[in-house]
2 protein chains.
Amino acid sequence: MNGAESLVHTLIACGIDTVFANPGTSEMHFVAALDRIPGINCVLCLDETVASGAADAFWRINRRPAATLLHCGPGLANALANLHNARRGRSGIVNIVGDQATDHRPLDAPLTADTEGWARSVSGFLRTATHAATVGRDAADAVAAARTGTIATLILPADTAWTAGGVPGAPIKDLARPIPDPATIAEVAAILRSGEPAMLLLGGRTLNDASLRQATALAAATGAKMLAEVFNARMERGQGRPPIERIPYPIDAAIAALAGIKHLILVEAKPPVGFFAYPGKPGPLWPPDGTVHTLATIDQNGSAALAALTALLEVPPIPIVPTPRPAPDTGQIAPEAVATSLAALLPADSIVIDEGISFGRGFSRFTHGAAPHLWLQVPGGAIGGGLPMAIGAGVAVAGSGRRVVAIQADGSAMYSIAALWTAARRQLDVTVIILANRKYAILLHEYAGVGANPGRTAMDMLDLGNPDLDFVKLAAGMGVAGAQATTMSALNDLLTASFERKGPFLIELLTI
Amino acid sequence: MNGAESLVHTLIACGIDTVFANPGTSEMHFVAALDRIPGINCVLCLDETVASGAADAFWRINRRPAATLLHCGPGLANALANLHNARRGRSGIVNIVGDQATDHRPLDAPLTADTEGWARSVSGFLRTATHAATVGRDAADAVAAARTGTIATLILPADTAWTAGGVPGAPIKDLARPIPDPATIAEVAAILRSGEPAMLLLGGRTLNDASLRQATALAAATGAKMLAEVFNARMERGQGRPPIERIPYPIDAAIAALAGIKHLILVEAKPPVGFFAYPGKPGPLWPPDGTVHTLATIDQNGSAALAALTALLEVPPIPIVPTPRPAPDTGQIAPEAVATSLAALLPADSIVIDEGISFGRGFSRFTHGAAPHLWLQVPGGAIGGGLPMAIGAGVAVAGSGRRVVAIQADGSAMYSIAALWTAARRQLDVTVIILANRKYAILLHEYAGVGANPGRTAMDMLDLGNPDLDFVKLAAGMGVAGAQATTMSALNDLLTASFERKGPFLIELLTI
């Protein structure tokens, strides 16, 4: 058994069944081992940003890691933006990166690059294998780390793959996430009892139906407010589930949403700050005289903390009044109309991937009445996460009948458009809605904040017209069927049809 | 004057006239300054890998730097693969990266990332600006560094842009590249006089007409052999210029090419090593009993060294017999046939961008008889350099009547396909020839070297069919006209037509 084979045996033994791959020469022995040893679903992605974004979404849906298989330094570099998003969303990924053979690296061949240096800041676990005999143990360690919700990067010099003497690593028992101690629960209970203006800020894994019901009941019983972070890895939403609003993205609206709060209580959330800084505006979003308390850190079990708090305060469950499911909107194309149609037509148990940026920013507010679904955002804000996540979600739910609906802004779609090919090859049940406003609308808004009207040079950098992108042709070029919608009724018809068929479909919605 | 304005004034004063941009919110004040202050051609790229690859090619043609304008950490990350290529090709780039405001960075907003850490290994110059008042000086320092042929990364926190008190930096005088000392020249002269088997290995800027004539004359007079490095940033080639072959890419052929050499003389080249390591094969390509000598390091002026060597050895110029220009090939589609047609039809003073990978690997051998042209390769081997380089080349020669011809493998095209849109927007005179073998042929070859026939899982990761990519549709989706060629005569007709029209054109050549 060579090192590559020991890797594959270890991955299988540790429960890894999916690899999002974009291999190169230094990974050929791993490809050969994956070929010889059945048990792993190898999904080819046409560039590495698709592979890492897909692995991120796979985790968020299945709560267990997939692996990547990336080509040495520059291949890893191409994956970094979506690894950044995965890190911010606390996704677990076994991030396997091939590299120059151990003795070859000092020769500085042209492709040699700073693989470790590039991986470091996104990786909660980072190791470069040194011998074939220990690759199995390295892989078991990496899977164990990834299962805690971190990126576990395992760099495998080519010789550790091809050398004989591989030994499969034994699976390592999962550690439970720590639960906040009773004193912390009691402290927060006292704050909520005080009657002073308080807010529960929910993030991480707390945005599930059970925890949201408890948070909603706690808020109702104590008068506290409740919000979710601005961008969230995974929200359980839809009809019958407790609706929760998010901190608004625009800085002024975000500050207004937290105005008057004396006690901000974090539950797997970070202290909220502006997505960017603006001249003369504060960075923290909570009031200067407010105090931040932590019920559960981002590494703790916030759901258990909410349950304990509910019990301590003896807060009874409250009924959740289902938001009515609307009819499809047939008016003018506008954000609320599109969201309303989505709420009307979304199949139950769908996965919504939200990289709607500006036009799509308010969609979540109008979709509480949709059939129950998961809603996945881009927690790190790195552009281009949407389509790769749609691939990972499609693979995660393949064969289950569940639909993936990607709400995708046009500008950000172009950072990872090659994702569509994998949707076609795997015939993933993914509906992509391209929100085509043919500009970087978010940047035009920001530009207005700078206090000037954009001239020709600025528009050259902010406008996507001249020529217009044709996403139906782009999709066709990668084997994905699609159509353009210029009216709400056309959108409604296309959504309905795409939800009834198998495989991917792309709708280019002209929003201008 | 704010910091952003001081940056733009400094760039203009230092001779920067082109920016390849993909800005985000943290760069809005720079966009506004570029809008207010005329003098810089701002070229929007739809992702950052296009911007960095374009800036690389711009340098190679003009031998002066362009700037990039990238969005904080993840935007830089997307640019790294082509920055790696630029570093290996010793291109100068003023790599401008916006970032979180100085006071905002410690708050760890979602997009905050390890911008400096990611930039470090590709940057010969790396600085994070600290105050608006010093941004101008920082920019002048960055341009001076870039002009030496390195990547000068200047990270600009948003507050250094928007704060008043900017002061334009004064241009800094260029330093000449160092010339090897006379003792080194004399030592190499003695080796060449000895009559022992010797080889001149040329790289860097020595692959120009004058230096190639001197190297050819030196080789003829002394019996030395002459080769270029495997991948080169820029070669002056074509009819009337001295032909030079390159070290072959496959490891066995590369070792054979250097067999028997006692003295390997490097001229702006690195000691040649295998692109990758293979079990049981050596890393260095020269014979174990051979000696490596350095006539000029990669940082020295190898052309001056060759001139000095020629003078010392009193080697007279020799006539270069022009390779005959062939007729277009009308036989079966095959690498030699395609290269022959290219040699027949290539317009004078064209720029050839070569990311032909496997099918295109031998093209250079059959194009010595083409009209004089520049030939640019991917020196770092990071996949996806070709199309972005075609954009940079197209911008560099815009309006001159010179044609850019991109020889582009299909698999690698998909890492940066969004480049085509910029070709359409700018109506660049770029002809893209997609070599569509519908597989990762280079990897299938490497897989064969592993000693196994690929099974279904391996083919799932090495084959690009199912579905076939349709590059004509992809191009149309971005506003670039194109056509498919399935015969040599169709290819010849399409090449001829594209060379006669203005603007971009894509030819998908089916090579299977």
Test log, rule ring-ring contact (aromatic ring centres under 6.0 Å, His included), inputs B:F276 and A:H29
CA-CA 13 Å; B:F276 292 103; A:H29 290 268; over 10 Å; no
What residue in A:N22, A:V472, A:T25, A:N466 has the most heavy-atom pairs under 4.5 Å with chain B?
A:T25
Heavy-atom distances under 4.5 Å only: say whether B:D463 touches chain A with side chain, backbone, both or neither.
both
Point-to-point distance, once rounded to the nearest 0.5 Å, from CZ of A:R456 to SG of B:C42
11.0 Å
Any idea which heavy atoms bring A:W162 and B:A277 closest together, and the distance?
CZ3-O, 3.6 Å
Of B:L462, B:V450, B:T457, which meets side chain to side chain contact (heavy atoms under 4.5 Å, CB included) against A:D35?
B:T457
Answer key: most heavy-atom pairs under 4.5 Å with chain A among B:G73, B:G380, B:A81 is B:G380
Quick check on A:V122 against chain B: is it the side chain, the backbone, both or neither that has a heavy atom closer than 4.5 Å?
side chain
For the interface with chain B, which of A:V43, A:L44, A:L69 has the highest count of heavy-atom pairs at distances below 4.5 Å?
A:L44
Going by heavy atoms in the side chains, are B:M461 and A:L34 under 4.5 Å from each other?
yes
What are the two closest heavy atoms between B:F275 and A:Q100, and how far apart are they?
O-NE2, 3.6 Å
A:Y278 versus chain B, heavy atoms under 4.5 Å apart: side chain, backbone, both or neither?
both
Would you please test A:V31 and B:L443 for side chain to side chain contact (heavy atoms under 4.5 Å, CB included) and show each step?
CA-CA 10 Å; A:V31 172; B:L443 297 185; over 6 Å; no
Might you point out which heavy atoms bring A:H84 and B:P110 nearest each other, and give the distance in Å?
NE2-O, 2.9 Å
Find the one option among B:G75, B:A101, B:G381, B:A113 whose heavy-atom pairs under 4.5 Å with chain A are most numerous.
B:G381
Any side-chain heavy-atom pair of A:I417 and B:L46 under 4.5 Å
no
So what's closer than 4.5 Å to chain A heavy atoms on B:P23: side chain, backbone, both or neither?
both
With a 4.5 angstrom heavy-atom cut-off, is it the side chain or the backbone of A:A32 that approaches chain B, or both, or neither?
both
For chain A, which of B:A109, B:G283, B:P279 has the most heavy-atom pairs under 4.5 Å?
B:P279
Counting N and O atoms only, with roles assigned by atom type, does the side chain of B:H104 sit under 3.5 Å from a partner on the main chain of A:G274, one being a donor and the other an acceptor?
yes
For chain B, the option from A:T49, A:L464, A:D159, A:V480 that forms the most heavy-atom pairs under 4.5 Å:
A:L464
Report yes if the side chains of B:L474 and A:K473 come closer than 4.5 Å at any heavy-atom pair, otherwise no.
no
Roughly how far, to the nearest 0.5 Å, is OG of B:S26 from CD of A:E446?
9.5 Å
So for B:H71, is it side chain, backbone, both, or neither that comes closer than 4.5 Å to the heavy atoms of chain A?
side chain
Looking only at A:G411, A:S121, A:G479, the option with the highest number of non-hydrogen pairs under 4.5 Å against chain B is A:S121
What distance separates A:D468 CG from B:M478 CE, expressed to the nearest 0.5 Å?
14.0 Å
Work out which heavy atom in B:P467 is nearest to a heavy atom in A:W421; give both atom names and the distance.
O-NE1, 2.9 Å
Atom CG in B:N78, atom CD1 in A:I383: separation rounded to 0.5 Å?
10.0 Å
Say whether, by atom type as modelled, one donor and one acceptor occur between the side chain of A:R425 and the main chain of B:G465 under 3.5 angstrom.
yes
Could you look at B:T112 and say if it's the side chain, the backbone, both or neither that has a heavy atom under 4.5 Å from chain A?
both
Output yes when B:R88 and A:D108 qualify as a salt bridge under the 4.0 Å nitrogen-oxygen rule, no when they do not.
yes
Might you point out which heavy atoms bring A:W118 and B:G117 nearest each other, and give the distance in Å?
CD1-O, 4.4 Å
At what distance, to the nearest 0.5 angstrom, does CZ of A:F231 lie from CG of B:L111?
9.0 Å
Which heavy-atom pair separates B:L80 from A:A77 by the least distance, and what is that distance?
CB-CB, 3.7 Å
Based on non-hydrogen pairs under 4.5 Å, which of A:E48, A:R120, A:H445, A:M459 is most in contact with chain B?
A:E48
Sort A:N453 into side chain, backbone, both or neither according to what part of it lies under 4.5 angstrom from a heavy atom of chain B.
backbone
Whatever's closer than 4.5 Å to a heavy atom in chain A on B:A458 counts as both
Should A:P284 and B:L107 count as side-chain neighbours, where that means a heavy-atom distance under 4.5 Å?
yes
Heavy-atom pairs under 4.5 Å with chain B - which of A:V273, A:V19, A:V230 has more of them than the others?
A:V273
